[in-house]
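Beneath this line is the structure, given in structure tokens, with notes to follow.
Only this structure's heavy atoms are used, side chains among them; waters, hydrogens and symmetry mates stay out. In this chain, residues are counted from 1 in sequence order.
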Amino acid sequence: AKDQGRNTYHYFKPEMDVHALERLMLENALRRAIERDELVLHYQPQVAAGDSRLLGCEALVRWQHPELGMLQPVQFIAVAEESGLIVPLGDWVLDAACRQLAQWQAQGRDLVMAVNISALQFCQSGFVDSVRRILAATGADPRKLELELTESALMQPTPEVLARMNALCELGIRLALDDFGTGYSSLAYLKRLPICRLKLDRSFVKDVPDDLEDVAIAMATLSLARDLGMDVVAEGVENEIQRAFLAERGCPVMQGYLFSRPLPAAELQRWIDAWSGATA
Ligand code: C2E
Ligand code: CA
Ligand code: CA
Ligand code: CA
């Protein structure tokens, strides 16, 4: 009986099935979360290297789960990607970010909103149309919207990908290449793609100026961007040494815990008010 019990246990709960079941439950919960508006955006300031002036922010999604509390992207973005839910999730994010952007515009705040776009979302044939629809519905200024694409979305810059990027640029939207340096895309692609900005991945920022390889990659990125007429945002700037090092070498924009963690809209609003008060 004991053996049987053990077998039964193994039969019903082998590792993989538990894992698959958890995935399925997470997927269903996430689907409901999108419908029930349980997602929220936090906003991380992006500042000018010289005077730390607030230039804009990056929208980062969180899931306010009724029982589990605030879930971070690492806990659900992978499942969203695998299940295809990243498409409706991405639409939700773009809509919420554009509504916030329109609100800042109404307050006379001149800020840029950067939004993460997953490769799967970008590759949907209706992507440009849904961007257009969201811009029209929210009244957000496309010239203040920046879309962060990853190298995986652009790995094969087919005529279709290029046409889609150009269509976004024609709307006035700016395109940034996220996590720059971590992907596989050929540098030769860069000159053909309508990209305004490279986001230097935080893995290369973390150990400057001590790690000479990271220093080499950071400096190569800065000079490449300069030569191609793009600007650079250094991600994950956590301390004054990193800031000073990158600023001295001409990195124009910074983002990281040194300046601020991602904040809920209300807290960022205090940041915006304090900052504009100081310069008024
Ligand atoms: P990412 O696009 O590279 O976003 C930057 C991540 O670095 C954020 O993590 C941010 O909180 C974190 N970070 C910022 N400054 C620092 C710093 O100084 N030190 C350290 N250690 N970390 C810093 P978060 O919010 O957990 O997001 C993780 C990833 O999830 C993002 O990486 C992005 O790939 C993905 N993600 C977040 N929101 C969205 C979204 O709305 N759509 C899509 N498709 N992906 C998203
Ligand atoms: Ca990003
Ligand atoms: Ca990034
Ligand atoms: Ca990164």
Counting only pairs under 3.5 Å, give me each side-chain donor-acceptor contact of residues 260-268, with atom names and distances, residues two or more places apart or in other chains.
none

Per-pair distances, 0.1 Å, donor-acceptor, side chain in residues 209-217, under 3.5 Å, sequence neighbours excluded:
{"from": "Asp211", "atom 1": "OD1", "to": "Glu213", "atom 2": "N", "distance (Å)": "2.9"}
{"from": "Asp211", "atom 1": "OD1", "to": "Asp214", "atom 2": "N", "distance (Å)": "3.0"}

Would you list the atom pairs, donor with acceptor, under 3.5 Å between side chains in residues 53-82 and any protein atom, with sequence neighbours excluded?
{"from": "Arg53", "atom 1": "NH1", "to": "Asp51", "atom 2": "OD1", "distance (Å)": "3.3"}
{"from": "Arg53", "atom 1": "NH1", "to": "Asp51", "atom 2": "OD2", "distance (Å)": "3.2"}
{"from": "Glu58", "atom 1": "OE1", "to": "Lys199", "atom 2": "NZ", "distance (Å)": "2.9"}
{"from": "Glu58", "atom 1": "OE1", "to": "Gln255", "atom 2": "NE2", "distance (Å)": "2.7"}
{"from": "Glu58", "atom 1": "OE2", "to": "Asn116", "atom 2": "ND2", "distance (Å)": "2.8"}
{"from": "Arg62", "atom 1": "NE", "to": "His42", "atom 2": "ND1", "distance (Å)": "3.4"}
{"from": "Arg62", "atom 1": "NH2", "to": "Gln72", "atom 2": "OE1", "distance (Å)": "3.4"}
{"from": "Trp63", "atom 1": "NE1", "to": "Glu38", "atom 2": "OE1", "distance (Å)": "3.0"}
{"from": "His65", "atom 1": "ND1", "to": "Glu67", "atom 2": "N", "distance (Å)": "3.0"}
{"from": "His65", "atom 1": "ND1", "to": "Leu68", "atom 2": "N", "distance (Å)": "3.0"}
{"from": "Gln75", "atom 1": "OE1", "to": "Gln72", "atom 2": "N", "distance (Å)": "2.7"}
{"from": "Glu82", "atom 1": "OE1", "to": "Arg23", "atom 2": "NH1", "distance (Å)": "2.3"}
{"from": "Glu82", "atom 1": "OE2", "to": "Arg23", "atom 2": "NH1", "distance (Å)": "3.1"}

Derivation and outcome, salt bridge (Lys or Arg N to Asp or Glu O under 4.0 Å), residues Glu35 and Arg32: CA-CA 5 Å; Glu35 288 159 8; Arg32 280 194 304 273; over 6 Å; no

Step-by-step side chain to side chain contact (heavy atoms under 4.5 Å, CB included) determination, Leu193 to Leu177: CA-CA 10 Å; Leu193 300 176; Leu177 192 51; over 6 Å; no

Side chain to side chain contact (heavy atoms under 4.5 Å, CB included) evaluation trace for Leu145 with Leu171: CA-CA 10 Å; Leu145 180 63; Leu171 292 174; over 6 Å; no

Criterion side chain to side chain contact (heavy atoms under 4.5 Å, CB included) on Leu258 and Gln242, from CA distance to verdict: CA-CA 10 Å; Leu258 176 64; Gln242 294 165 336; over 6 Å; no

Verdict with reasoning, Val232 to Arg226, per side chain to side chain contact (heavy atoms under 4.5 Å, CB included): CA-CA 9 Å; Val232 175; Arg226 207 162 20 237; over 6 Å; no

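Summarising the geometry, atom CD belonging to Glu235 is positioned 14.0 Å from atom NZ belonging to Lys206; distances are rounded to the nearest 0.5 Å. Between the CG atom in Asp91 and the CD1 atom in Ile34 there is a gap of 9.5 Å [rounded to 0.5 Å]. Here Ile117 contributes atom CD1 and Leu168 contributes atom CG; the two are 8.5 Å apart, rounded to the nearest 0.5 Å. Here the straight-line distance linking atom CZ of Arg99 with atom CG of Leu94 works out to 11.0 Å at 0.5 Å rounding. For the atom pair CG of Leu89 and CD of Gln121, the computed distance is 8.0 Å after rounding to the nearest 0.5 Å. If you take CZ on Arg197 and CD on Glu146, they are separated by 4.5 Å, rounding to the nearest 0.5 Å.
Side-chain contact check for Lys144 versus Asp110: some heavy-atom pair is nearer than 4.5 Å. Leu26 has its side chain out of reach of Glu22: every pair of non-hydrogen atoms, C-beta onward, lies at least 4.5 Å apart. The closest side-chain heavy-atom distance from Asp141 to Leu101 is not below 4.5 Å.
Under the 4.5 Å side-chain heavy-atom criterion for ILVMFWY residues, a single connected hydrophobic cluster contains both Leu222 and Met254. In terms of hydrophobic clustering, with Ile, Leu, Val, Met, Phe, Trp and Tyr side chains grouped at heavy-atom distances under 4.5 Å, Val233 and Leu111 are assigned to different clusters. Hydrophobic clustering keeps Val93 apart from Val112 (ILVMFWY residues linked when any side-chain heavy atoms are closer than 4.5 Å, directly or through intermediates). Linking Ile, Leu, Val, Met, Phe, Trp and Tyr whenever their side-chain heavy atoms come within less than 4.5 Å leaves Val253 and Ile173 in two separate clusters. Note on Leu228 and Leu200: same hydrophobic cluster, where clusters join Ile, Leu, Val, Met, Phe, Trp and Tyr whose side-chain heavy atoms are under 4.5 Å apart, directly or indirectly.
Residue Gln46 comes nearest to Ala114 through the heavy atom pair NE2-CB, 4.3 Å, listed as atom of the first residue, atom of the second, then distance. When all heavy atoms are compared, the tightest approach of Ala234 to Leu246 is CB-CD1, 3.7 Å. Leu41 and Ala97 make their closest contact through CD1-N, 3.5 Å (heavy atoms, listed as atom of the first residue, atom of the second, distance). Residues Gly139 and Gln105 approach most closely at O-NE2, 3.6 Å, considering heavy atoms. Nearest heavy atoms, Ala140 versus Cys98: CB-O, 3.5 Å. Val205 approaches Gly236 most closely through the heavy-atom pair CG1-O, 3.8 Å.
Under 4.0 Å is where a charged nitrogen must lie from a carboxylate oxygen, and between Asp273 and Arg270 no such pair does.
The side-chain hydrogen bond (donor to acceptor under 3.5 Å, both in side chains) search around Thr221 returns none, not counting sequence neighbours. Contacts of Arg133 classified as side-chain hydrogen bond (donor to acceptor under 3.5 Å, both in side chains), with partners at least two apart in sequence or in another chain: none. The ring pair (Phe, Tyr, Trp, His ring centres under 6.0 Å) check on Phe122 picks up Phe127, with sequence neighbours excluded. In this structure Arg164 satisfies the salt bridge (charged side-chain N to carboxylate O under 4.0 Å, His left out) test together with Glu160, sequence neighbours excluded. Remark: Glu238 engages no residue in a side-chain hydrogen bond (donor to acceptor under 3.5 Å, both in side chains) (not counting sequence neighbours). With sequence neighbours excluded, no residue satisfies side-chain hydrogen bond (donor to acceptor under 3.5 Å, both in side chains) with Asn166. Remark: Phe245 engages no residue in a ring pair (Phe, Tyr, Trp, His ring centres under 6.0 Å) (not counting sequence neighbours). Under the ring pair (Phe, Tyr, Trp, His ring centres under 6.0 Å) criterion, Tyr43 pairs with Trp104, not counting sequence neighbours.
The environment of Met219 atom CE is sparse: at most 12 non-hydrogen atoms of other residues, nucleotides or ligands sit within 6.0 angstrom. Within a 6.0 Å sphere centred on CG of Leu24, other residues, nucleotides and ligands contribute more than 12 heavy atoms. For Arg174, the CZ atom counts as loosely surrounded, since its 6.0 Å shell holds 12 or fewer non-hydrogen atoms of other residues, nucleotides or ligands.
Between the side chain of Gln124 and the backbone N or O of Leu120 there is at least one donor-acceptor pair closer than 3.5 Å.
Tyr257 shares a hydrophobic cluster with no other residue; no ILVMFWY side chain has heavy atoms under 4.5 Å from its own.
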